[in-house]
Amino acid sequence: MEEVHSTTHDEYGLKAGGIVTALEKFDTLFGLQLGHLLLGCAENTSKVLQAKDLLIQEAMSAVNATRAFYQRQRQDDAFNVFYDSVLKGAKELEIGEPLLPRYCKAPQRYDDGAPHVQFSDPRSFYHQKYFEACDLLIQELHDRFGQEKRLFTYLRSTMTEKRLNNCFLLHVHKELTDSINVTDVAVEFTNANDERTRYFGSFTSAL
């Protein structure tokens with residue numbers, strides 16, 4: 001980017017210079033590392049939810065684990081560890097110190113009369129940005145998967161009607177499901193025809 005900026009005197013050189021300037025700011029490094037921390041977890045959950053053979057319990061477990069991760073990150077201790085790591089990275093990359101943004105008064109047409117928030121130091125400013133990002137993702141999870149009905153709606157679009165109904169049946173009648181003898185089910189399944197018997201063999205002991 002620096003080479004393009006220094007050797008190219010056109011719009012591309014100007015854009016390259018703007019990108020270099022942005023990359024040398026603490027705010028950019030903070031945003032990139034925060035995105036890697038929070039969105040990396042979301043990406044892993046997305047991969048789980050996209051699996052074709054996904055079970056309802058697995059989907060709910062993945063969503064709940066992601067929500068718990070964001071809630072753990074939404075703690076002062078977690079923020080301090082993260083912020084200090086960004087400061088360390090900025091120093092190693094020779095990036096400038098964190099600065100408070102210049103205060104700009106909102107236009108009168110957008111002024112709702114609420115008191116303007118002014119920060120005493122950069123850490124408190126980035127503390128708010130960090131917590132706002134965590135809150136946004138937690139709320140997004142609640143909106144999409146806060147109710148089992150919404151989760152079932154999502155799963156319904158990724159599996160067949162017959163399989164979804166079977167999952168519902170097992171989920172609703174948990175006590176009856178737990179009382180089923182798995183060995184008897186396996187024997188009945190394999191004895192249904194000769195091909196299954198040859199492929200799966202016989203079941204005589206508890207699974």
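Bear in mind that the values here come from a model prediction, so they are computed numbers and not experimental data.
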task = Using a 4.5 Å cut-off on heavy atoms from C-beta on, say whether the side chain of K88 contacts that of K91.
result = no
Option among Q75, H127, R123 that satisfies the side chain to side chain donor-acceptor pair (under 3.5 Å) test with N80 = R123
request  = Assign the ring pair Y130 / F82 to parallel, tilted or perpendicular, where the plane angle (0 to 90°) is split at 30° and 60°.
outcome  = tilted
request  = State, yes or no, whether a side-chain contact exists between Y83 and P122 at a heavy-atom distance under 4.5 Å.
outcome  = yes
inquiry  = How about CD on E132, more than 12 heavy atoms from neighbouring residues, nucleotides or ligands closer than 6.0 Å, or not?
reply    = yes
key: Full working for side chain to side chain contact (heavy atoms under 4.5 Å, CB included) between D76 and F131   = CA-CA 9 Å; D76 288 335; F131 272 61; 3.5 Å; yes
Side chain to side chain donor-acceptor pair (under 3.5 Å) between T190 and T197, intermediate numbers included = CA-CA 5 Å; T190 55; T197 302; 5.3 Å; no
request  = To the nearest 0.5 angstrom, please state how far the CG atom of L49 sits from the CE atom of M60.
outcome  = 12.0 Å
message = What's the separation between atom CG in D135 and atom CD in Q128, rounded to the nearest 0.5 Å?
response = 10.0 Å
task = Show your working on ring-ring contact (aromatic ring centres under 6.0 Å, His included) between F79 and Y126 and close with a plain yes or no.
result = CA-CA 9 Å; F79 165 76; Y126 285 103; 8.4 Å; no
query = In Å and rounded to the nearest 0.5 Å, what is the CG to OH distance from L141 to Y70?
reply = 6.5 Å
Validation row: K25, L29 side chains within 4.5 angstrom (heavy atoms) = no
message = Hydrophobic cluster membership, with links at side-chain heavy-atom distances under 4.5 Å among I/L/V/M/F/W/Y: are F30 and V81 in one?
response = no
request  = Mind checking the CG-CZ spacing from D77 to R72? Nearest 0.5 Å is all I need.
outcome  = 13.5 Å
request  = Supply the atom-to-atom distance R74 CZ to Q71 CD, rounded to the nearest 0.5 angstrom.
outcome  = 9.5 Å
query = Can you tell me how far the CG atom of L38 sits from the OG1 atom of T66, to the nearest 0.5 Å?
reply = 11.5 Å
key: Connected via hydrophobic side-chain network under 4.5 Å: I95 and L100   = yes
inquiry  = So K129 and L34, do their side chains get closer than 4.5 Å, heavy atoms only?
reply    = no
message = Do T28 and L32 have side chains that approach each other closer than 4.5 Å (heavy atoms only, starting at C-beta)?
response = yes
inquiry  = Determine whether a donor-acceptor pair (N or O, by modelled atom type, separation under 3.5 Å) exists between the side chain of S46 and the backbone of A42.
reply    = no
task = Identify whether L93 and L87 are in the same connected component of the hydrophobic contact network (ILVMFWY, side-chain heavy atoms under 4.5 Å).
result = yes
ask   = Honestly curious: do L136 and L37 fall in one hydrophobic cluster under the side-chain, below-4.5 Å linking rule?
value = no
